[in-house]
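In what follows, every chain begins at residue 1, and chains take the letters A, B, ... in the order their sequences are listed. Only heavy atoms go into these numbers, but all of them, side chains included; no hydrogens, no water, no symmetry mates.
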Amino acid sequence: MQDLVSLFVKSIFVDNMVFAYFLGMCSYLAVSKNVKTAIGLGVAVIFVLGVTLPVNFLLNKYVLTPAALAWLGPDFAGLDLSFLSFIIFIAVIASIVQLVEMVVEKYSPSLYASLGIFLPLIAVNCAILGGSLFMQERGYETLAEATTFALGSGIGWFLAIVALAAIREKLAYSQVPKPLKGLGITFIVVGLMGIAFMSFMGIKL
Amino acid sequence: MDKKIFIEPLFRNNPVTVLVLGICSALAVTVKLEPAIVMALSVTIVTGFSGFIVSLLRNTIPNRIRIIVQLVVVAMLVILVDQILKAFAYDVSKQLSVFVGLIITNCIIMGRIEAFALGNKPIPSLVDGLANGLGYGIILIVIALFREFFGSGTIYGIQIIPAEWYIKNGGFYENNGLFILPPMALILVGLVIWVQRSIQKELQEK
């Protein structure tokens, strides 16, 4: 249990998806002009990561790793399907996003109205695929670990985008050199935020 | 064929600094020049050929499921690149770690397929994809050059700053460790954008 708590905190702050690995940058920069939409996209990312990562974890464990298919019988024990992982992960993500969109539309129209436009965007958000690939590379062992990592990374991404949106709302009133206005200054601000987030790096849990 | 398709993405309409696509992987692989060049080549190949293949299929893909079809085409090409890297450049492939897989979700690729390949013939799509990959590569190489030179004192692994200049050898010089760390990549991209927009005034935001 203690391990899970420390993994959770670590994936929010120390291994923050945005500041440590630059994942999900495209939508991070494009959808952070105001706090309200940033919250919408952030919640959608937590949600989709929380759903897709455990599914990919199970697929990885019981289908993709070398000799994972042994449960089908001894004939399958020698198979190594790990080269298929990219295509399977992205197919799972794309179809789950599609499925989640339909379910949310049917049962919670109000949530759909606020998340709706962001859901299709998320299928190609690198934070989601990155989460699955990190899960595979770091070799998380249990479903609980994978889910904790998913939620932690999602919340870290959420915090990062809301913080940037809040700064950009204030930035609109400041005097920025003309060529730096908009995109340029946003990059520099994210860099400075990254330096601030690095203060978490030395923390041992 | 129109020469503009090839020239524009290299500078004037650069995918990274003007269209803001493909930032995710652009920053993570630029600590050293070598992985940056390998990454740039891989992305160029995948963007070019995915544009070509999707453009061949463009009249047969139903509109509703086109995203999934595109993702499958891209994922197939990325698997090929990944397997080739693992076979012939294992060290670099380890350094790039998950970022080879993340080429699938690199927005440049989907962006060019959606914006260009779906409405154009195969050969122009191939050229457009390659040019955008190269435009991405130029930014990657510029950033990696600065980060490697200031962060490690080397360029492409070759020592540029004389070894006797370092404090540990009795000199006065110390590498700037900040350049190795992730945040500096973002600040450098910001500065590149600053330079580009000072030259091309029409890109400045109001």
Problem set entry | Inter-residue atom distance I187(B).CD1 - L192(A).CG, 0.5 Å rounding | 5.0 Å
Exercise. Tell me, side chain or backbone of M198(A) under 4.5 Å from chain B's heavy atoms, or both, or neither?
Worked result: side chain
Exercise. Quick one: CG on L71(B) to CZ on F89(A), what's the gap to the nearest 0.5 Å?
Worked result: 15.0 Å
Problem set entry | Residue list, ring pair (Phe, Tyr, Trp, His ring centres under 6.0 Å) with F52(B), at least two apart or on another chain | none
Seminar exercise, completed: One option among Y21(A), F86(A), F197(A), Y28(A) has the most heavy-atom pairs under 4.5 Å with chain B, and it is F86(A)
Exercise. In terms of heavy-atom contacts, does CZ of F146(B) have more than 12 from other residues, nucleotides or ligands at under 6.0 Å?
Worked result: no
For this session: State, to 0.1 Å, how close A20(A) and P182(B) come at their nearest heavy-atom pair, and which atoms those are.
Result: O-CG, 4.0 Å
Exercise. What's the spacing between F99(B) CZ and L23(A) CG if we round to 0.5 Å?
Worked result: 5.0 Å
Problem set entry | Heavy atoms from other residues, nucleotides or ligands near CZ of F172(B) exceed 12 (cutoff 6.0 Å) | yes
For this session: Counting only heavy atoms closer than 4.5 Å, note whether A127(A) contacts chain B via side chain, backbone, both or neither.
Result: neither
Problem set entry | Which portion of I68(B) sits near chain A, non-hydrogen atoms under 4.5 angstrom | side chain
Problem set entry | Atom of F22(A), atom of A185(B) and distance for their closest heavy-atom approach | CZ-CB, 4.3 Å
Seminar exercise, completed: Looking only at heavy atoms, the pair that brings A75(B) and I87(A) closest together is CB-CG1, 3.7 Å
For this session: Go through the steps for I90(A) and T105(B) under the test side-chain contact (heavy atoms from CB on, under 4.5 Å), then give the verdict.
Result: CA-CA 9 Å; I90(A) 196 72; T105(B) 49; 3.9 Å; yes
For this session: Find the distance between CD1 (I104(B)) and SG (C126(A)) and round it off to the nearest 0.5 Å.
Result: 11.0 Å
Exercise. Which atoms form the tightest heavy-atom contact between G194(A) and P183(B), and what is the distance?
Worked result: C-CG, 3.6 Å
Exercise. Is it the case that more than 12 heavy atoms not belonging to Q159(B) sit under 6.0 Å from its CD atom?
Worked result: yes
Problem set entry | chain B contact via L180(A) - side chain, backbone, both or neither, heavy atoms under 4.5 Å | both
Exercise. In Å and rounded to the nearest 0.5 Å, what is the CZ to NZ distance from F83(A) to K86(B)?
Worked result: 11.0 Å
Exercise. Between D82(B), V74(B), V78(B), which has the largest tally of heavy atom pairs under 4.5 Å with chain A?
Worked result: D82(B)
Exercise. Using non-hydrogen atoms only, which part of F134(A) is less than 4.5 Å away from chain B: side chain, backbone, both, or neither?
Worked result: both
Problem set entry | Any I195(A) side-chain heavy atom under 4.5 Å of L181(B) side chain | no
For this session: Report, as yes or no, whether the 6.0 Å neighbourhood of atom CD on Q175(A) holds more than 12 heavy atoms from other residues, nucleotides or ligands.
Result: no
Problem set entry | side-chain contact (heavy atoms from CB on, under 4.5 Å) assessment of R197(B) paired with L183(A) | CA-CA 10 Å; R197(B) 291 194 177 178; L183(A) 192 60; 3.7 Å; yes
Exercise. When rounded to the nearest 0.5 angstrom, what distance separates CG in L186(B) from CZ in F19(A)?
Worked result: 8.5 Å
